[in-house]
S.K.: 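Once you've had a glance at the structure underneath, I'll fire off some questions.
So that the names make sense, note that chain A is the first sequence line, chain B the second, and so on, each numbered from 1.
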Amino acid sequence: MFNIEMFFAFGLFSLGLYGVSSGRDFLRIFFSLEMLLNAVIMMLAITAHHLGMTQNIVLAYLVIVLATLEAAAGLLIFAAANKVSGVIIPDELNGEVEK
Amino acid sequence: MLRILDFFDYAKSESLWMAHFCTGCCSLEMAAAMGPRYDWERYGYMPTPTPRQADILMITGLVSKKILPALLRTYAQMPEPKYVVALGACSFDGGPYNDSLAVIKNPTEILPADVFIAGCPPKPEAIIEGLEQVKQKMKDKIPSAASQGGLWKEMEY
Amino acid sequence: MKKIKAILENFDTEYVEDYKKIWIKAKLQSSDALLAVAKAVQDEGLRSLSTVSPTDFPDRETIELNYFFEDLQTKRNLWLKCDIPRELEKCEIASLTPLFPGAEWHEREAYSMFGVKFLNHPDLRPIIVSEDFIGKTPFRRDFDWEQHEEDVAKNVQAIVDAFKDEQATNEVNLDPESSETVLNWGPTHPASGPIRLRVHCDGEEIISIDPDIGYVWRALESLVTKKDFVGAIVAVERLCFMDNINSMVGYCMAVEEIAGTEITEFAKWMRVILGEVARISSHFMGLGGFFMNLGLHTLFMWNLGTREFFLDFLESYSGARIATASIEPGGVRYGLDMTMFDELQKALDQFDNTVDDIEMIFVNNPTMKVRAKDVGVLSADEVEDYALCGIVARASGVKTDIRIDEPYAAYDQVDMDYVTRSNGAAADRFKVLFGELKQSVDIIKQAKKRIEEGVASGEFNPTKDHMVKVPKKLPAGEALSRVEWARGEVLMHLVTEEKAKSPYRLKLKAPSFNHTMMLNKLLEGQTLSDIPLVFGSLYVCQGDLDR
Amino acid sequence: MNTVIDAFLFPGLFYALVWTVLLYWFFRKFMAPLHKRVGPHFNGPYGSYQTLFDLSKLLTKESITPDGVNPYLFSIMPILAVITALLPTAFIPWTPSYPVVESEYGLLALIVLIGIEPFLLFLTGFGSDNKYSFLGGIRVLTQSISMETAFFLAALSPALLFGTLNLSEIVDQSSWGSFLVLIPGFFLYFITLLGLLEQPPFNIPDAEQEIVYGFYTEYSGTNYFMLKLAEFTEFMAVFAGAATLFLGAYKGLFFDNYLCFFIKMLLMAIVMMILRAATPRITLKQMLHFSWRYLVPISLLNLAWVMLAKNLFFAGV
Amino acid sequence: MLLIDIVKKMVRVSKALMVKSPAQVDVRYEAMHHPARYRGEHTVDYETCIGCDACNKICPVHAITMKHLPLKKQNIVPEVNLSVCIFCGLCEDACPTKPEKSIVLSGGRYDMLSGGWHEEQNDFWVNVDIPQSYIDSRLEAEDAARVKKEMAAKKRAAQAAAKAEAAKRAEAGEEPKKEQKPFDGTPDFSKGVEG
Amino acid sequence: METFLIYAASVALAVFLLYFLGVALAPYAPDIIKNDHFECGLPASSEVPKKANFGFFVYAIMFIVADMTGLFFTLFVYTDSQQGTLMASLFAFIVAFAIILATKEHRYAENT
Amino acid sequence: MTILLLTIVLALAAASLTIKRSVPAMVSFALMMFLLGIFYMTLDAKVLGLFQIFVYTGGIIVLMLFGVTIIGVAFPQAKSRPWSAVAAVLVFVALVALFVRGADKLQLTAGQATEDVHLFAAQFSDFVILFALIGSSLLYGTVKMAGLLKARKKSTAKGERDV
Ligand code: SF4
Ligand code: SF4
Ligand code: SF4
């Protein structure tokens with residue numbers, strides 16, 4: 001049962017995918033990760049509403065929690081990496097670590 | 001409409017906030033004027049932390065050569081309408097430091113004051129009364145002295 | 001004392017003589033020996049160099065340098081002189097800063113005022129002087145200040161331009177990508193007063209602080225030479241208005257010493273009373289300012305309220321609230337009307353009313369303790385090395401108080417003791433300040449009782465006794481006087497010429513100068529929140545910082 | 001249409017303006033005797049026109065937009081701040097018939113809206129392009145991460161006790177007994193409220209003596225007025241929240257009325273003032289440590305206590 | 001513990017609410033404290049002034065200028081520029097006239113203000129308005145005095161001549177009369193101001 | 001929901017009106033120095049930093065975790081059973097313990 | 001209405017990835033999340049919507065702001081990878097195709113729409129302890145790690161100074 005709202009969820013998902021894979025700075029990678037997760041939440045909410053799969057809402061809460069914790073842990077790693085080597089862009093990190 | 005404008009003008013004249021800037025020892029008496037005995041908050045004066053929210057600039061006594069640019073800059077950074085009050089003999093001609101080689105002798109020629117309060121330092125009563133004169137000037141719609149002239153306009157600081 | 005003399009005997013001296021009770025005055029034949037002498041006396045225990053004071057003698061073609069060494073522990077002091085040539089190129093002497101770190105700014109001051117070059121000085125930049133004087137020697141006798149002033153008056157813009165240039169040259173070049181920055185703390189700032197701290201910081205953390213002073217420089221030392229001996233009190237009292245009486249006492253003592261006048265007993269006691277009243281009114285501001293810098297205005301307001309009563313006494317006595325000009329060479333200026341003591345009593349009562357509240361709420365404040373306990377700690381060694389004085393020294397456990405060490409006025413008859421604490425943190429300074437406030441009230445009570453007794457027994461005549469005549473023209477001579485000011489030691493070195501109407505040279509050594517020097521040391525590595533706290537606890541007044 | 005009128009008049013803008021004028025006057029007038037002063041005196045009865053004049057003046061003074069800032073960001077932020085500060089008022093049951101929006105999740109909405117405010121203030125600081133504002137903005141951020149959790153947890157305790165997030169229902173169910181259970185929660189709420197509103201001893205972001213005026217530094221005239229209005233409206237929202245959650249809102253001893261609500265808010269303002277007059281400011285680091293070492297664990301334990309109390313005393317409710 | 005301490009402090013602080021504020025007077029119209037010695041605006045008594053210039057000499061800021069009168073003896077009167085004056089009171093101390101000082105600032109006004117512009121401030125003087133009649137009368141008196149003096153001088157000269165002759169005649173030196181020391185304008189520091 | 005949106009829209013409208021009233025009545029006189037940054041009355045001594053070095057990330061992460069805890073509690077509002085409430089208080093205890101432990105650890109890490 | 005909302009969401013999402021300055025990018029990100037929350041509310045999942053707003057505008061944004069304070073006002077330049085855009089588009093097309101084609105198979109049993117929150121509370125309270133343990137250990141671990149990093153940094157700094 002395709003719903004037009006799903007279309008947007010896919011759009012968000014692929015935007016997130018683009019952001020993650022285009023390899024830019026940490027912050028925008030976080031943005032895109034959040035977008036990916038939000039696309040999933042969106043799908044869950046839409047299916048819950050339109051298809052009556054109410055349990056999906058519970059799943060959505062779990063995804064939110066996951067998203068938050070992931071952001072927290074990721075930011076910690078980012079901060080630590082930045083403190084140790086002053087890196088902002090993940091690509092540079094490889095070189096730094098080898099050094 | 002006219003009424004509303006008048007009201008705002010009146011409000012401006014009744015609430016004078018002072019930029020927190022001391023240049024000389026007269027500021028001691030200004031502190032006393034803030035204190036419990038004279039309590040200038042009764043009349044609606046108040047110090048503000050930055051000149052951005054201030055209405056009056058007090059030249060508290062002497063203006064040394066080093067602080068002159070800061071004084072002018074502080075004045076320039078205040079929003080319109082703004083008035084200047086000069087305290088003490090120093091702000092007229094250097095006062096006791098008239099023979100000194102480090103003090104600007106004519107600060108009010110550079111930055112004209114709207115009210116000059118004599119004394120060294122003026123009593124808190126005199127300071128408050130001088131500020132009341134500023135209020136009166138604002139009510140009479142007399143434009144501020146510094147906006148009409150003074151050396152500061154030609155200077156770059 | 002003997003040891004010091006013995007040391008000096010080893011060197012080539014013009015004379016070595018006793019001066020007053022605890023001083024030795026000596027003059028070196030040549031300036032080359034200075035470093036060696038300084039090293040020797042430092043080993044002997046004279047670890048504080050109070051100040052360096054050049055005196056210019058154009059007709060002798062020399063500049064005489066006066067060094068005042070002090071030993072804060074055993075109270076033996078040395079006044080060392082030496083001559084150096086006057087021409088700008090040859091006007092050089094070895095710097096004592098490596099030995100006595102407290103001399104750093106004093107030497108910089110001598111450099112900018114007289115052009116004395118100190119060899120091996122770590123950082124010989126001009127200090128205090130406004131930019132139009134950089135490279136000139138404004139305090140030399142032959143400086144044509146009138147011409148200079150005329151030039152300035154013609155072109156005010158030039159000063160501003162010079163200021164801008166100075167700003168540009170002193171700018172710290174930072175990487176624009178870094179998180180470091182240079183903050184200005186002052187002069188248009190709610191807590192600073194006219195001083196500017198160039199705070200180089202990284203986020204909240206301070207990397208270094210460079211105080212930029214001179215914003216209220218009034219050149220008092222040259223100003224007094226343009227006034228007569230009586231008129232000079234007007235300049236001297238403007239050292240700082242928070243406690244103006246004691247600075248006048250110091251100056252008048254110097255004048256009296258040269259004139260050879262002995263003032264009356266009554267005038268001495270009056271000097272004690274007036275001095276302590278001024279000290280109280282200053283301490284009130286200091287206490288209030290300390291808390292105001294922590295964001296709490298209540299104490300400041302209460303103190304201002306109580307202070308008014310003390311100012312009332314001063315006003316009744318002299319006719320002005322703070323610019324009293326009430327000490328003159330020869331005694332005190334006005335006679336005393338015994339009804340004025342009622343007002344003094346009122347002030348003391350008012351003090352007694354509030355002191356408990358202040359102690360309970362503010363001195364024992366838990367938040368204050370948490371904040372100020374470990375901040376701005378000065379050890380006793382640092383106090384001696386940097387020649388700190390007043391409450392700052394006493395909070396670190398150094399027993400120094402000129403009222404006891406070298407009593408002047410009637411302090412030798414007063415029952416008092418050092419108020420000290422041992423830790424030297426900001427909180428301790430605050431507590432010493434408070435202790436001294438109570439001590440001052442106690443002294444006033446003693447002095448008041450003494451005067452009342454004296455008047456009752458007919459010993460004093462309060463309307464006549466207050467003054468003895470001092471001639472208008474003084475003989476040639478020089479004198480040194482020290483007083484315990486509200487903020488610490490004020491040292492005045494007065495030189496006069498034969499038959500002159502005005503002082504030839506007056507050196508004012510004021511305490512805030514050394515204290516401000518400590519800021520960088522105390523605040524390095526702390527956070528921005530500690531700046532106002534430490535600044536407030538050092539009890540700095542810009543008036544006596546810049547002079 | 002009623003809602004629009006509400007938005008303009010009663011819990012909306014006009015009310016916020018009146019409240020701002022009154023509370024500002026009250027602050028100054030009450031602070032003054034603590035300083036042994038008089039406070040505003042000569043303008044109007046007891047100086048009550050003084051703050052009206054002050055605020056009108058600020059409204060019509062020149063607002064300076066410094067070069068180098070983004071002018072839109074710079075001047076839209078104060079407006080947004082006022083709007084977000086005004087929105088929570090819609091959920092609060094001012095009188096038995098007066099929450100504008102009757103919502104199942106009123107408490108959550110209240111907290112969410114209060115939580116957005118520091119974010120806007122940070123952006124004002126960041127957008128000002130000024131060192132002091134920058135530092136002030138970061139301080140706001142740090143303060144909010146340390147205080148908001150405890151605030152949230154403390155505000156949840158009545159909801160847990162009464163089993164609902166609807167503010168009107170919470171008020172309906174509140175009683176003296178529940179107040180006794182909620183006392184620790186109320187204390188926690190009050191302390192964190194001080195932190196959230198940047199009041200002493202937590203007025204770190206606009207510490208005048210340290211960083212001039214924090215994020216307010218570059219604001220003048222109308223913009224500054226808006227920020228001030230936002231600040232005081234925030235007071236209103238947070239105080240009203242406290243009164244609703246813990247003190248039974250409009251419920252009074254003898255009559256239920258808006259007046260009771262107002263008196264409760266004023267009492268809180270008075271306590272805040274006295275605290276302001278008695279404690280100095282603490283540093284950022286101390287605040288963080290205080291919050292995380294004491295406030296958050298205690299507020300969690302408080303929640304546990306509320307749950308247990310619900311089981312023990314309110315099992316039937 | 002900390003909390004209890006803070007609450008205690010709060011209670012103590014709120015004690016201040018009971019205290020009546022000292023600021024009860026509208027200081028625009030009334031001074032809080034105005035002692036008899038208060039150094040405010042000057043008054044110059046031109047009738048007693050002897051024109052000795054002592055006040056001008058001692059003034060540390062050169063606030064006093066002497067106004068010239070068309071008189072011979074008391075040919076100058078002080079005028080004070082209040083913008084410059086720092087109210088130190090030295091001029092009053094220096095003034096030698098007795099029992100009342102001719103230049104007095106004790107008990108003067110505190111609320112001296114002046115206008116804004118530098119020129120306006122420049123006009124802020126204590127002027128001595130001397131009525132023409134006074135000058136005339138003084139001129140007359142001076143004339144009279146001069147005449148008298150001339151007469152006296154003649155008389156004295158005559159007497160001196162007579163005396164000299166007498167001395168010559170007597171051949172024994174009488175002690176010469178003590179000459180009166182002219183007033184040199186030195187202020188008399190030993191005198192206080194009665195309060 | 002709709003009421004709230006209408007309310008929000010009209011509040012926004014009202015605030016905008018007030019703002020424009022203020023701006024319309026205010027004078028406007030910009031000049032170079034006035035529009036310069038305020039730097040305690042002096043020309044700027046260095047650039048405004050573009051970054052901030054802030055050592056409080058640990059707290060930021062703790063904030064997120066504790067926020068999540070709060071959200072869980074929001075859901076517990078609707079539990080009716082005794083077992084649910086007991087679970088919730090156990091949960092609160094555990095998290096409180098964790099935070100106390102974490103702050104202890106942090107303090108230890110800071111001091112060494 | 002919802003379509004308009006979602007279009008804005010997508011536009012904001014794209015903006016937050018392409019704007020060069022960090023603060024506007026983050027503001028658009030926050031707005032996007034806020035609008036998504038409102039979208040959830042329109043789907044009758046009010047608590048989910050409020051959660052969304054709370055977590056994102058209150059929590060994650062604060063974290064991101066810290067990130068902004070590290071990164072600075074402008075994003076740094078990075079080398080572009082055009083293939084990622086292509087991949088994203090491909091995935092998008094694939095997803096749409098999959099769902100449009102296979103939508104019929106996706107038809108699941110449509111249950112009774114109950115109050116979602118009650119349901120959550122009933123189902124979830126057993127898991128909570130597990131989550132608490134996970135959260136606590138994560139917290140502890142991060143703090144510990146931060147401490148270790150700091151200590152290591154300090155020791156290296158000291159080592160440099162010694163040399
Ligand atoms: S007029 Fe007097 S009190 Fe004022 S600054 Fe000058 S010297 Fe100081
Ligand atoms: S009071 Fe002082 S300053 Fe004023 S005229 Fe007399 S001597 Fe001069
Ligand atoms: S000192 Fe007295 S008598 Fe002499 S000129 Fe002045 S006012 Fe006249």
Side-chain angles (χ1 to χ4, degrees), chain C residues 223 226-228 230-235 237-238 298 301-302 305 308-309 311-321 323-326 328-337 339-340 343 353-354 356-357 360-362 364-367 369-370 462-472, chain E residues 1-23 31-40 54 56-63 85-94 104-108 110 184-195:
Chain C
L223 181 63
K226 291 165 198 149
K227 301 201 186 288
D228 55 15
V230 176
I233 60 167
V234 173
E237 78 169 326
R238 274 163 181 74
T298 316
M301 290 299 177
W302 289 12
E308 291 293 329
F309 289 90
L311 292 187
D312 276 356
F313 168 68
L314 283 184
E315 193 179 17
S316 306
Y317 172 70
S318 71
R321 282 160 52 87
T324 53
S326 59
E328 263 183 21
V332 288
R333 190 156 142 210
Y334 298 101
L336 181 72
D337 188 349
T339 54
M340 286 167 191
E343 259 177 357
N353 278 343
T354 52
D356 283 346
D357 279 348
M360 151 92 197
I361 301 169
F362 300 105
N364 298 328
N365 194 307
T367 323
K369 269 187 203 151
V370 170
T463 47
K464 292 257 164 58
D465 268 0
H466 58 89
M467 189 87 132
V468 292
K469 203 168 166 176
V470 172
K472 223 178 160 189
Chain E
M1 216 47 236
L2 192 87
L3 223 63
I4 296 170
D5 227 10
I6 288 178
V7 170
K8 255 198 233 160
K9 270 87 283 176
M10 283 166 64
V11 172
R12 195 81 185 236
V13 164
S14 44
K15 253 175 59 182
L17 288 173
M18 313 294 152
V19 181
K20 205 166 164 234
S21 165
M32 296 292 303
H33 186 254
H34 201 242
R37 266 182 198 167
Y38 178 72
R39 305 200 292 249
N56 184 14
K57 273 187 206 147
I58 196 137
C59 178
V61 296
H62 322 298
C85 173
I86 57 168
F87 307 96
C88 60
L90 289 177
C91 48
E92 181 176 339
D93 282 8
V104 174
L105 33 52
S106 297
Y110 66 87
D184 65 346
T186 315
D188 193 353
F189 289 123
S190 59
K191 304 288 178 307
V193 180
E194 259 68 49

S.K.: Taking side chain as everything from C-beta outward and backbone as N, CA, C, O, which of these in Glu308(C) sits under 4.5 Å from a heavy atom of chain E? Side chain, backbone, both or neither.
M.R.: neither
S.K.: Quick check for you: to the nearest 0.5 Å, what is the distance between Arg37(E) atom CZ and Met340(C) atom CE?
M.R.: 3.5 Å
S.K.: Can you tell which of Thr324(C), Thr298(C), Val370(C) has the highest number of heavy-atom pairs within less than 4.5 Å of chain E?
M.R.: Thr324(C)
S.K.: What residue, out of Ser326(C), Gly231(C), Ala325(C), Gly319(C), has the most heavy-atom pairs lying under 4.5 Å from chain E?
M.R.: Gly319(C)
S.K.: How long is the span from the CG atom in Asp93(E) to the CE atom in Met467(C), to the nearest 0.5 Å?
M.R.: 7.5 Å
S.K.: Sort Asp356(C) into side chain, backbone, both or neither according to what part of it lies under 4.5 angstrom from a heavy atom of chain E.
M.R.: both
S.K.: What closest approach, in Å, do Arg39(E) and Ala320(C) show between heavy atoms, and which atom pair accounts for it?
M.R.: NH2-CB, 3.5 Å
S.K.: For chain E, which of Glu315(C), Glu343(C), Lys227(C) has the most heavy-atom pairs under 4.5 Å?
M.R.: Glu315(C)
S.K.: Picking from Ala323(C), Gly305(C), Gly331(C), Ser318(C), which has the most non-hydrogen pairs under 4.5 angstrom with chain E?
M.R.: Ser318(C)
S.K.: Using side-chain contact (heavy atoms from CB on, under 4.5 Å), reason through Glu328(C) and Leu90(E) one step at a time and then give a plain yes or no.
M.R.: CA-CA 10 Å; Glu328(C) 263 183 21; Leu90(E) 289 177; 3.4 Å; yes
S.K.: So which atom in Ser316(C) and which in Pro35(E) form the shortest heavy-atom distance, rounded to 0.1 Å?
M.R.: CA-CB, 3.8 Å
